[in-house]
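Remember, it's 1-based here, ligands and their atoms both numbered in the order they're listed. No hydrogens, no waters, no symmetry mates; every other heavy atom, side chains included, goes into these values.
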Amino acid sequence: MDAETISFYPRPPEQLRDRFARQLTYLRISVTDRCNMRCDYCRPAPDAYRAESHAQILRYEEIERIVRVAAGLGVTKLRLTGGEPLVRRDLPRLVEQLANIPGITDLSMTTNATLLEKYAHDLAVAGLQRINISIDSLNPLRFRKLTGGELAPVLAGIQAAKAAGLSPIKLNTVLMRGINDDEVADLIDFASDSGATIRFIELMPMKQGMDWQQHYIAIDDILKRDDLLQRVELSPMPTGNSAARYLPLKSGRGKVGVIMPMSERFCEGCNRLRLTADGGLRACLPADHQLNLRDLIRDGGSDEAIRATFLRAAMLKPEIGLYEFDTEREKRSMIHIGG
Ligand code: SAM
């Protein structure tokens with residue numbers, strides 16, 4: 001075989017490794033920092049929050065270009081998030097662009113599902129494979145108080161996701177003591193009846209001024225409760241790189257996920273990078289280091305320069321991500337970074 005023949009074979013992707021030998025294969029992309037809900041634990045106070053102007057937000061072509069470079073570095077898995085991804089106009093177009101990038105094998109989205117009934121079919125046709133839906137309560141009044149939104153469209157969105165063939169459907173609930181921790185059993189039953197997997201997430205202190213101490217509840221405390229023990233086997237299933245641990249349901253109808261960013265960090269197996277809506281590349285949710293891909297691209301930066309930025313971001317990934325309050329925290333709430 002001569003050199004020319006060899007060059008026809010695709011080059012195996014280079015690997016994006018950090019200083020701790022973790023291979024980074026998963027990019028979470030925030031497509032907007034705007035949201036149609038007002039969840040208190042996620043959004044800063046109005047005077048501390050200003051959505052970026054449209055000009056500051058990455059265009060779809062810019063996101064696509066960044067992902068092509070990332071795929072060349074071995075990124076295979078993408079998740080679209082926000083803000084609320086479905087408030088961004090024409091999202092199925094971006095999904096289609098990303099689904100067609102060689103090397104991308106897993107394309108999913110995290111959404112509050114309020115607009116999903118309208119878009120589920122188009123998203124699935126465009127190439128979205130699976131979906132995570134945030135739902136913190138099944139009580140319409142409580143839901144409205146927590147989010148400023150309505151529960152009914154979210155329930156319709158879950159049904160639409162199912163009808164569109166998005167699979168699996170995961171439901172994410174942030175557990176808050178005294179707010180929704182009395183709904184654990186109902187949420188498990190609801191998910192199981194809907195053919196979805198519920199995942200309970202520990203509340204993270206992402207925002208200055210939130211009453212985190214009062215509302216934080218460790219998953220371990222929930223796992224001791226009778227209503228949970230009646231439903232769940234306490235023998236974790238194998239998880240791979242997932243942030244969640246899964247416990248089988250005693251009914252045999254699925255499983256329950258628990259995500260414990262506070263009580264049991266999952267940094268060891270972390271394979272993630274994040275792209276903020278305005279083009280910041282971050283290697284760790286709570287760590288502050290962020291590299292600016294938007295300015296690099298708009299200043300005429302080459303693909304090689306984008307690639308070098310990914311390699312640099314990987315080097316900045318800390319071994320462990322620490323969540324702590326500090327005076328700067330307000331700038332980094334979930335809605336800005338992308339959940
Ligand atoms: N708008 C979409 C949604 O609601 O799913 C996507 C973005 S949202 C920031 C992604 C996830 O982050 C949601 O499930 C939300 O509950 C979670 N989240 C936001 N702030 C959080 C916090 N302080 N602690 C734990 N989870 C949080």
Would a single hydrophobic cluster contain both Ile259 and Tyr26, if residues Ile, Leu, Val, Met, Phe, Trp and Tyr are joined by side-chain heavy-atom contacts under 4.5 Å?
no
Between Leu166 and Leu128, is there a side-chain heavy-atom distance shorter than 4.5 Å?
yes
Which protein heavy atom lies closest to atom 16 (O) of ligand 1, and at what distance to 0.1 Å?
Tyr41 OH, 2.9 Å
Would you call Glu64 and Arg93 a salt bridge, using N to O less than 4.0 angstrom?
no
Minimal non-hydrogen separation, Asp18 against Ala314, with atom names:
CB-O, 3.2 Å
What protein heavy atom is closest to atom 14 (O) of ligand 1, reported as residue, atom name and distance in Å?
Ser134 OG, 2.7 Å
Have a look at ligand 1 and work out which part of Glu202, if any, has a heavy atom under 4.0 Å from it: side chain, backbone, both or neither.
backbone
Basic-acidic side-chain contact under 4.0 Å: Arg130, Asp106
yes
Please check this pair: side chain of Asn180 against backbone of Val174, looking for a donor-acceptor N/O pair closer than 3.5 Å.
yes
Just which atoms of ligand 1 are under 4.0 Å from any heavy atom in Thr81?
6 (C), 7 (C)
Identity and distance of the protein heavy atom lying nearest atom 10 (C) of ligand 1
Gly339 CA, 3.7 Å
Give me the nearest non-hydrogen protein atom to atom 2 (C) of ligand 1 as residue plus atom name, then the distance to 0.1 Å.
Glu84 OE1, 3.3 Å
Just to confirm my output: which protein heavy-atom neighbour is closest to atom 26 (N) of ligand 1, and how far is it?
Val174 CG2, 3.4 Å
Any idea which part of Thr110 is under 4.0 Å from ligand 1, heavy-atom wise: side chain, backbone, both or neither?
both
Judged on heavy-atom distance to atom 1 (N) of ligand 1, which of Cys35, Ser30, Gly83, Pro85 sits nearest?
Gly83
If you have a sec, work out which protein heavy atom is nearest atom 24 (N) of ligand 1 and how many Å separate them, to one decimal?
Met204 N, 2.9 Å
Atom 12 (O) of ligand 1: nearest protein contact (heavy atom, Å):
Met334 CE, 3.8 Å
For Met109 and Pro85, the nearest pair of non-hydrogen atoms, with its separation, is CG-CG, 3.9 Å
Please classify the Thr111 to ligand 1 contact at 4.0 Å (heavy-atom distances, strictly less than): side chain, backbone, both or neither.
backbone
Quick one: does ligand 1 sit under 4.0 Å from the side chain of Asn112, the backbone, both or neither, non-hydrogen atoms only?
both
Indicate yes or no: does Asp211 engage Arg177 in a salt bridge with an N to O separation below 4.0 Å.
no
May I ask you to test the Trp212-Leu203 pair for a side-chain heavy-atom distance under 4.5 Å?
yes
